[in-house]
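One structure is given below, represented as structure tokens, and several questions about it will come after.
Numbering starts at 1 and runs along the sequence shown.
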Amino acid sequence: MKIKIFAVILLFSIAAISDAAQVTASLLYKVQLKDNAAPGDVVVESDASTGVYDAFGGTYTVYRNGRAVKSVQKSFLKGGNCLIKNGNYFLYCNSTENSLDMLTAGLDKFSTFGLPAGIKGKYDPTDALVSGGYVYTVDNDNHRVLKTHLGTKAVEQTVGGFGNGKLEFWYPFALATDKRGVLYVSEALGTRVQKITKDFKFYENIGKWGIGAGEFYRPTGVAVLGGTTLFVGDGFTGVIQYFDEDGKFAGVLKDKNGRKLKFDSITHMRINGRYLAVVDAFAKSVTVYELRGGK
């Protein structure tokens with residue numbers, strides 16, 4: 001009898017923990033691009049307005065409540081992989097010129113980060129983030145991550161190489177960081193998210209190949225809520241899963257009515273405060289949500 005009571009208490013405790021960690025998404029608005037567009041990235045601001053980068057047209061358009069209010073077009077922005085806003089400047093994954101470019105607030109080129117002669121391969125940046133005076137970049141085709149000093153532009157560290165072992169990558173795609181400074185690197189074909197320190201030491205792996213809870217088929221976009229909860233979008237299954245700060249599966253993102261959010265092909269995802277923006281490449285759309293729950 002005591003064993004049964006203990007089991008009931010344990011199950012109740014687990015359920016309570018799950019409820020506390022549950023996250024739901026309330027739709028704010030959806031930006032639907034034209035048929036010839038190619039949504040490449042999105043910037044989500046603290047007021048839920050967004051900047052949508054169209055890699056086909058080379059445009060960056062600001063939306064408020066789903067309505068376009070400003071647009072900038074630059075020919076060199078055509079064909080890029082990412083466009084990240086960091087304070088008063090942007091970082092642009094320039095796949096056509098094989099560089100990571102720093103842009104002004106008006107999206108003019110200000111500075112360029114390339115590869116030094118000693119590092120082999122054709123630079124193919126697909127995502128980047130700035131932390132502690134360094135820019136961390138995913139180099140997709142070369143299966144590695146780079147750590148570059150913002151001031152000197154020197155590449156101080158690289159990690160990776162093709163493979164599925166620790167500190168190896170199989171087509172890494174996106175990058176995020178949590179409040180502890182841990183980096184999360186999604187591997188589209190490695191079907192996992194690898195956690196590493198900012199000094200490029202192995203931490204742990206999250207997920208494996210599959211379509212079940214905590215598994216990935218084509219993990220692409222990653223983003224962190226509240227510095228602790230990791231969101232991972234799957235470019236094939238079209239769902240977003242989330243994990244606690246220890247890397248444990250916590251749930252599949254649903255709306256307030258309990259329906260799973262479903263997309264055609266998730267690429268980048270960005271979070272600012274409680275706002276989540278999701279780029280859907282096949283649907284040619286960007287959808288913005290307000291997140292509720294979680295830590």
Side-chain angles (χ1 to χ4, degrees), residues 29-45 48-115 122-130 135-142 146 148 150 153 171-175 188 220-223 233 235 263-272 277-288:
Y29 62 88
K30 183 177 181 178
V31 175
Q32 185 63 56
L33 278 67
K34 296 180 180 179
D35 288 344
N36 63 348
D41 208 342
V42 61
V43 172
V44 57
E45 302 284 5
S49 62
T50 51
V52 176
Y53 165 52
D54 174 13
F56 180 82
T59 60
Y60 180 78
T61 305
V62 176
Y63 292 85
R64 290 194 176 94
N65 297 319
R67 181 174 296 179
V69 295
K70 179 183 178 182
S71 188
V72 177
Q73 195 277 335
K74 301 284 183 178
S75 59
F76 71 87
L77 287 177
K78 293 182 179 181
N81 290 322
C82 75
L83 187 64
I84 301 113
K85 188 177 182 182
N86 189 66
N88 61 352
Y89 65 90
F90 290 83
L91 291 174
Y92 171 52
C93 295
N94 192 337
S95 58
T96 58
E97 297 181 12
N98 307 115
S99 63
L100 180 72
D101 299 336
M102 183 180 287
L103 311 180
T104 66
L107 296 174
D108 294 312
K109 278 189 185 181
F110 175 75
S111 183
T112 294
F113 297 85
L115 292 181
K122 194 174 182 180
Y123 201 14
D124 182 36
T126 53
D127 203 6
L129 64 82
V130 176
V135 56
Y136 297 84
T137 312
V138 174
D139 187 359
N140 182 265
D141 275 355
N142 295 294
L146 284 69
T148 306
L150 269 175
K153 299 183 185 178
Y171 288 103
F173 180 75
L175 193 63
T220 48
V222 288
F263 304 88
D264 290 343
S265 180
I266 299 169
T267 54
H268 287 301
M269 303 191 305
R270 307 298 183 189
I271 287 177
N272 189 341
V278 183
V279 179
D280 191 331
F282 287 175
K284 301 182 184 298
S285 65
V286 173
T287 312
V288 184

Subject >> Backbone N/O of Pro172 and side chain of Asn140: donor-acceptor pair under 3.5 Å >> reply: yes

Subject >> Shortest non-hydrogen separation from Val288 to Ala48 and the atoms involved >> reply: CG1-O, 4.2 Å

Original post:
Is the backbone of Tyr123 close enough, under 3.5 Å, to the side chain of Asn98 for a donor and an acceptor to pair up by distance?
Top reply: yes

Original post:
Which residues pass the salt bridge (charged side-chain N to carboxylate O under 4.0 Å, His left out) test with Asp108, sequence neighbours left out?
Top reply: Lys74

**OP:** Output yes when a side-chain donor or acceptor of Tyr92 lies under 3.5 Å from a complementary backbone atom of Leu77, and no otherwise.
**Re:** yes

**OP:** Output the distance between atom CG (Asp139) and atom CG (Asp127), rounded to the nearest 0.5 Å.
**Re:** 12.5 Å

**OP:** If a pair satisfies disulfide bond (SG atoms under 2.5 Å apart) and one of its residues is in residues 52-90, list it, with sequence neighbours excluded.
**Re:** Cys82-Cys93

**OP:** Check side-chain hydrogen bond (donor to acceptor under 3.5 Å, both in side chains) between Thr112 and all other residues, then give those that pass, not counting sequence neighbours.
**Re:** Asp101

**OP:** Decide yes or no for Lys34 and Lys284: does some side-chain heavy atom of the first lie under 4.5 Å from some side-chain heavy atom of the second?
**Re:** no

Original post:
Looking only at heavy atoms, which two atoms of Tyr60 and Val43 are closest? And how far apart?
Top reply: OH-CB, 3.5 Å

Original post:
In chain order, what residues pass the side-chain contact (heavy atoms from CB on, under 4.5 Å) check against Thr220, with sequence neighbours excluded?
Top reply: Phe173, Ile266

Subject >> Chi angles and distances behind the side chain to side chain contact (heavy atoms under 4.5 Å, CB included) call for Leu103, Phe76 >> reply: CA-CA 11 Å; Leu103 311 180; Phe76 71 87; 3.8 Å; yes

**OP:** Ignoring hydrogens and angles, tell me if any N or O in the side chain of Asp280 forms a donor-acceptor pair with the backbone of Ser285 under 3.5 Å.
**Re:** no

Original post:
Taking atom CZ of Phe282 and atom OG1 of Thr267, what is their separation to the nearest 0.5 Å?
Top reply: 10.0 Å

Original post:
Does any donor atom in the side chain of Asp124 or Thr126 lie under 3.5 Å from an acceptor atom in the other side chain?
Top reply: no

Original post:
Do Leu33 and Phe56 come within less than 4.5 Å of each other through their side chains, counting heavy atoms only?
Top reply: no

Original post:
Any side-chain heavy atom of Ile84 within less than 4.5 Å of one from Leu129?
Top reply: no

Subject >> Under the salt bridge (charged side-chain N to carboxylate O under 4.0 Å, His left out) test, residues paired with Asp54 that sit two or more places apart >> reply: none

Subject >> Test side-chain hydrogen bond (donor to acceptor under 3.5 Å, both in side chains) applied to Lys78 - qualifying residues, sequence neighbours left out >> reply: none

Subject >> Residue list, side-chain hydrogen bond (donor to acceptor under 3.5 Å, both in side chains) with Thr50, at least two apart or on another chain >> reply: Tyr29

Original post:
Is there a donor-acceptor pair closer than 3.5 Å between any side-chain N or O of Asn142 and the backbone N or O of Lys122?
Top reply: yes

Pairs under 3.5 angstrom only: tabulate donor-acceptor contacts from the side chains of residues 63-73 to other protein residues two or more places apart or in another chain.
residue	atom	partner	partner atom	Å
Ser71	OG	Thr61	OG1	2.9
Gln73	NE2	Gly57	O	3.1

Original post:
By side-chain contact (heavy atoms from CB on, under 4.5 Å), which residues pair with Asn88, not counting sequence neighbours?
Top reply: none

**OP:** Return the minimal non-hydrogen interatomic distance between Val44 and Asn272, and the atom names on each side.
**Re:** O-ND2, 3.0 Å

Subject >> Side chain to side chain, Asn86 and Val135, heavy atoms closer than 4.5 Å >> reply: no

**OP:** Could you list the residues that satisfy salt bridge (charged side-chain N to carboxylate O under 4.0 Å, His left out) with Lys85, not counting sequence neighbours?
**Re:** Glu45

Subject >> Minimum heavy-atom distance Ser95-Gly80, with the two atoms named >> reply: OG-CA, 3.8 Å

**OP:** Taking all non-hydrogen atoms of both residues into account, name the closest pair between Pro125 and Thr137 and its distance.
**Re:** CB-CG2, 3.6 Å

Subject >> Set of side-chain hydrogen bond (donor to acceptor under 3.5 Å, both in side chains) partners for Asp141, sequence neighbours left out >> reply: none

Original post:
So, the side chain of His268 versus the backbone of Ala277: is there a donor-acceptor pair under 3.5 Å, distance only?
Top reply: no

**OP:** Identify, with sequence neighbours excluded, every residue that meets ring-ring contact (aromatic ring centres under 6.0 Å, His included) alongside Phe113.
**Re:** none

Original post:
Is there a side-chain contact between Met102 and Val130 (heavy atoms, below 4.5 Å)?
Top reply: no

